[in-house]
Amino acid sequence: MALESENTPVGVDPTRAFVARVYDYLLGGKDNFDVDRHEAERIIAAMPEVSDVAWENRNFLTRVCRFLANNTEVRQFLDCGSGLPTAENVHQVVQRIHPEAKVVYVD
């Protein structure tokens, strides 16, 4: 835990699980602490499908962004409740299709 406290941003409590970091863990991310991993494993024990649900949620986000970028005139995107950055963020999906697209993240 010493390494975590050395690298912990100001205002972040590495001793309490946080939903965005638990979700990050479920998606195989690296931005989580022992407490988040422990909580995720506790949830997985009660609901083994929760990791699959997290991935389905992420895949749905990707499909929606790709659809909007390909099939509409939308070039500005607002991602509310975005949590922590992970693979295939909104800007990565839409800017592959339209590099000029703008994305604002709010959490």
For [X] versus [Y], what's the shortest heavy-atom pair and its separation?
| X | Y | value |
| --- | --- | --- |
| Ala17 | Asp36 | CA-OD1, 3.2 Å |
| Phe77 | Ala101 | CE1-CB, 4.3 Å |
| Leu27 | Thr86 | CD1-CG2, 4.1 Å |
| Ser82 | Asp107 | N-OD1, 3.6 Å |
| Val93 | Cys65 | CG1-CB, 3.7 Å |
| Gly83 | Ala20 | CA-CB, 4.1 Å |

Decide whether [X] and [Y] are clustered together by the hydrophobic rule: side chain heavy atoms of Ile, Leu, Val, Met, Phe, Trp, Tyr closer than 4.5 Å, transitively.
| X | Y | result |
| --- | --- | --- |
| Leu84 | Val12 | no |
| Ile44 | Met47 | yes |
| Tyr105 | Phe60 | yes |
| Val74 | Ile97 | no |
| Leu61 | Val64 | yes |

Is the backbone N or O of [Y] less than 3.5 Å from a side-chain atom of [X], with the two atoms forming a donor-acceptor pair by type?
| X | Y | answer |
| --- | --- | --- |
| Asn71 | Phe67 | yes |
| His98 | Arg75 | no |
| Glu56 | Asp52 | no |
| Asn32 | Arg37 | no |

Between Glu88 and Arg96, is the salt bridge (Lys or Arg N to Asp or Glu O under 4.0 Å) condition met? List the steps. CA-CA 11 Å; Glu88 289 303 286; Arg96 265 198 301 277; 2.5 Å; yes

Of all residues at least two apart in sequence or in a different chain, which pass the side chain to side chain donor-acceptor pair (under 3.5 Å) check with Gln95?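 Gln95 satisfies side chain to side chain donor-acceptor pair (under 3.5 Å) with no other residue.
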
Which residues pass the side chain to side chain donor-acceptor pair (under 3.5 Å) test with Asp79, sequence neighbours left out?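 For Asp79 there are no side chain to side chain donor-acceptor pair (under 3.5 Å) partners, ignoring immediate neighbours.
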
Quick check for you: to the nearest 0.5 Å, what is the distance between Trp55 atom CH2 and Leu26 atom CG?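 Taking CH2 in Trp55 and CG in Leu26, the distance rounds to 10.5 Å.
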
Can you tell me if CZ on Arg16 sees more than 12 non-hydrogen neighbours from other groups inside 6.0 Å?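 Open.
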
Tell me, yes or no, whether the heavy-atom count around His38 atom NE2, taken from other residues, nucleotides or ligands under 6.0 Å, exceeds 12.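 Incorrect, the count does not exceed 12.
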
Is there a donor-acceptor contact under 3.5 Å linking the side chains of [X] and [Y]?
| X | Y | answer |
| --- | --- | --- |
| Asn57 | Tyr23 | yes |
| Glu39 | Tyr25 | no |
| Asn89 | Arg58 | yes |

Test of understanding: with salt bridge (Lys or Arg N to Asp or Glu O under 4.0 Å), list the residues that count as partners of Glu49, not counting sequence neighbours.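 Salt bridge (Lys or Arg N to Asp or Glu O under 4.0 Å) check on Glu49 returns nothing, list empty.
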
